[in-house]
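Written out below as structure tokens is the structure these notes cover.
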Amino acid sequence: MSKCPLAVTGVDPAVLKYLEDGFKKLQSSSTCKSKLKKFLTKEVFDNLKNLKTKTFGSTLKDVIQSGIENLDSGVGVYAPDAEAYTVFADLFDPIIQDYHGGFKKTDKHPKCTMGDPNKFGDVDPQGKYVVSTRIRCGRSVQQFPFNPNMTQEHYKQLEDLVSSTLKGLSGELKGTYYPLTGMTKDVQQKLIDDHFLFKEGDRFLQAANACRYWPTGRGIFHNDNKTFLVWIGEEDHMRIISMQKGGNIKEVYARLVKGVEEIAKRMKFSHDDRLGFLTFCPTNLGTTIRASVHIKLPLLAKGGHDALQKVADKFQLQVRGSAGEHSEAVGGMYDISNRERMGLTEFDAVSKMFKGITELIRMEQELEKK
Ligand code: ADP
Ligand code: DAR
């Protein structure tokens with residue numbers, strides 16, 4: 001019996017059978033390299049399989065089902081509610097440490113520190129390499145579970161709460177909410193193709209039970225210029241986004257800071273003293289910041305994605321394709337961003353991207369001279 005005050009027992013026998021079969025499938029796979037496989041040892045599995053979270057009754061199945069159904073997952077786990085990070089800590093903590101550059105279970109994420117956006121500038125003033133800049137963070141609204149345990153009513157309540165709160169924004173942040181329900185496929189696809197709206201059908205999220213009742217409760221808020229946007233009900237309850245053409249990190253970050261601070265005056269977010277802001281996926285915990293550029297570095301990228309990632313590793317940067325995660329680069333344009341989001345401040349996360357991209361551009365220019 002767990003000593004965790006947020007844990008209760010009494011898991012349904014059908015869930016236990018799924019877990020036993022899933023554990024065998026995971027352990028017998030010779031190709032799976034997920035962090036789930038690496039850290040779900042028999043001891044951890046036996047410690048956790050009979051536990052549920054106290055408030056929403058989330059089980060280990062809710063945590064690992066995506067990684068069981070998708071053996072090619074990189075991580076393979078999601079948190080079905082805020083309590084899961086505590087109840088299933090034996091699995092989450094080593095995964096967090098492995099992904100976030102050694103953030104140990106005894107480490108404490110720093111207080112939210114946005115810092116001064118004016119310390120940044122334009123990472124590519126000549127506009128030769130950087131096509132656009134995007135900085136986003138995720139927020140989970142207190143009192144709601146995360147995707148796997150959200151009912152249709154939860155999605156409707158979340159959408160009503162967030163969209164009505166965003167109506168209070170003014171100035172550059174003022175905008176309109178567009179629900180996916182009723183949005184024409186043409187409008188939706190144009191927003192996705194223009195990198196404003198989240199894609200649909202991610203098999204990892206589907207297997208995590210993150211797409212139920214779709215498109216109920218899902219949508220996008222954005223200002224007229226589409227430089228300040230908020231996603232509702234995709235992977236996280238909210239993704240708050242600032243983006244624009246070019247490499248002016250200062251302007252993009254300043255707008256995000258203003259937007260996050262304005263929204264934080266109006267809503268309460270799930271936050272943990274040790275882990276920082278809580279999100280559906282453990283890769284987004286802490287600052288939840290992903291600061292990215294769409295960038296063309298033809299000489300550094302001559303060897304393709306993997307070659308560019310090898311260079312980017314030096315600066316703890318992650319390389320994604322032109323349409324973001326799980327996509328390929330089109331026309332030599334890559335999405336490069338900070339990889340780690342925990343154990344550092346929001347300002348540090350953006351600073352890592354700013355410094356890393358500055359170095360990559362310098363390296364590209366050195367190659368141009370040869
Ligand atoms: P997230 O950033 O929310 O983790 P994705 O990697 O799927 O999710 O990216 C979401 C969308 O944001 C995709 O359409 C992606 O092309 C777009 N995107 C990411 N970085 C940039 C950028 N610097 N400029 C323009 N669009 C971007
Ligand atoms: N499919 C998950 C994705 C992990 C990180 N990306 C997120 N959260 N969008 C995996 O384990 O590969």
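Fair warning: this is a prediction, and the values are worked out from it, not measured in the lab. Whatever order the structure lists them in is the order used to number ligands and atoms, beginning at 1.
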How far is atom 13 (C) of ligand 1 from its nearest protein heavy atom, and which residue and atom name does that atom have?
-> A323 O, 3.5 Å
For residues Q65 and Y78, is any side-chain donor paired with an opposing acceptor at under 3.5 Å?
-> no
Just by distance, do the side chain of H109 and the backbone of G343 share a donor-acceptor pair under 3.5 Å?
-> yes
Residue, atom name and distance, where the atom is the protein heavy atom closest to atom 19 (C) of ligand 1 = D335 OD2, 3.2 Å
Ligand 2 atoms nearer than 4.0 angstrom to some heavy atom of G76 are 10 (C), 11 (O)
Going by the atom numbers of ligand 1, which of them fall below 4.0 Å from some non-hydrogen atom of S292?
-> 19 (C), 20 (N), 21 (C), 22 (C), 23 (N)
For ligand 1, is any non-hydrogen atom under 4.0 Å from T133's backbone (N, CA, C, O), its side chain (CB onward), both, or neither?
-> backbone
Check: T345/D348 side-chain N/O donor and acceptor closer than 3.5 Å | yes
How does Y78 reach ligand 2, if at all, at less than 4.0 Å between non-hydrogen atoms: by side chain, backbone, both, or neither?
-> side chain
Using a strict cut-off of 4.0 Å, indicate which atoms of ligand 2 neighbour a heavy atom of G74.
-> 10 (C), 11 (O), 12 (O)
Is R239 salt-bridged to D236, cutoff N-O under 4.0 Å?
-> yes
Given M243, M353, H195, H294, which one has a non-hydrogen atom that is nearest to atom 14 (O) of ligand 1?
-> H195
Of all protein heavy atoms, the one nearest atom 3 (O) of ligand 1 is R239 NH1, 2.7 Å
Taking non-hydrogen atoms only, is C281 closer than 4.0 angstrom to ligand 2 via side chain, backbone, both or neither?
-> side chain
Nearest non-hydrogen protein atom, atom 25 (C) of ligand 1 = S132 OG, 3.2 Å
Any heavy atom of S327 sitting closer than 4.0 Å to ligand 1?
-> no
Against heavy atoms of V293, which atoms of ligand 1 measure under 4.0 Å?
-> 23 (N)
Judging by distance only, is a nitrogen or oxygen of R320 under 3.5 angstrom from one on ligand 1?
-> yes
Please identify which atoms of ligand 2 are closer than 4.0 Å to at least one heavy atom of V75.
-> 10 (C), 11 (O), 12 (O)
E325: numbered ligand 2 atoms lying under 4.0 Å from its heavy atoms = 3 (C), 5 (C), 6 (N), 7 (C), 9 (N)
Might you work through the ring pair (Phe, Tyr, Trp, His ring centres under 6.0 Å) test for Y177 and W231, ending with a clear yes or no?
-> CA-CA 9 Å; Y177 175 65; W231 292 352; over 10 Å; no
Could you pull out, from E325, R134, E235, the option with a heavy atom nearest to atom 2 (O) of ligand 1?
-> R134
Would you say W231 contacts ligand 1, with heavy atoms under 4.0 Å as the rule?
-> yes
Identified side-chain contact (heavy atoms from CB on, under 4.5 Å) counterpart of V77 within the set I95, L40, L60 | I95
Do any N or O atoms from the side chain of Y253 and from the backbone of M114 form a donor-acceptor pair under 3.5 angstrom?
-> yes
Please work out which of R290, R136, Q244, H326 has its closest non-hydrogen atom nearest to atom 9 (O) of ligand 1.
-> R290
Check: H237 ring centre within less than 6.0 Å of F269 ring centre = no
Answer yes or no for F280: is there a heavy-atom contact with ligand 2 below 4.0 Å?
-> no
In this structure, CZ of R320 is separated from OG of S327 (nearest 0.5 Å) by 9.0 Å
Stepwise ring pair (Phe, Tyr, Trp, His ring centres under 6.0 Å) check, H222 with Y178 = CA-CA 8 Å; H222 63 72; Y178 304 90; 4.7 Å; yes
What's the shortest distance from atom 8 (N) of ligand 2 to any protein heavy atom, and which residue and atom give it?
-> E235 OE2, 2.8 Å
Given side chains that start at C-beta, do those of F120 and V350 come closer than 4.5 Å, heavy atoms only?
-> yes
Between atom CG of L344 and atom CG of N338, what is the distance when rounded to the nearest 0.5 Å?
-> 7.5 Å
Have D160 and S164 got a donor and an acceptor in their side chains that come within less than 3.5 Å?
-> no
Counting from 1, what ligand 1 atoms have a heavy atom of K199 closer than 4.0 Å?
-> 7 (O)
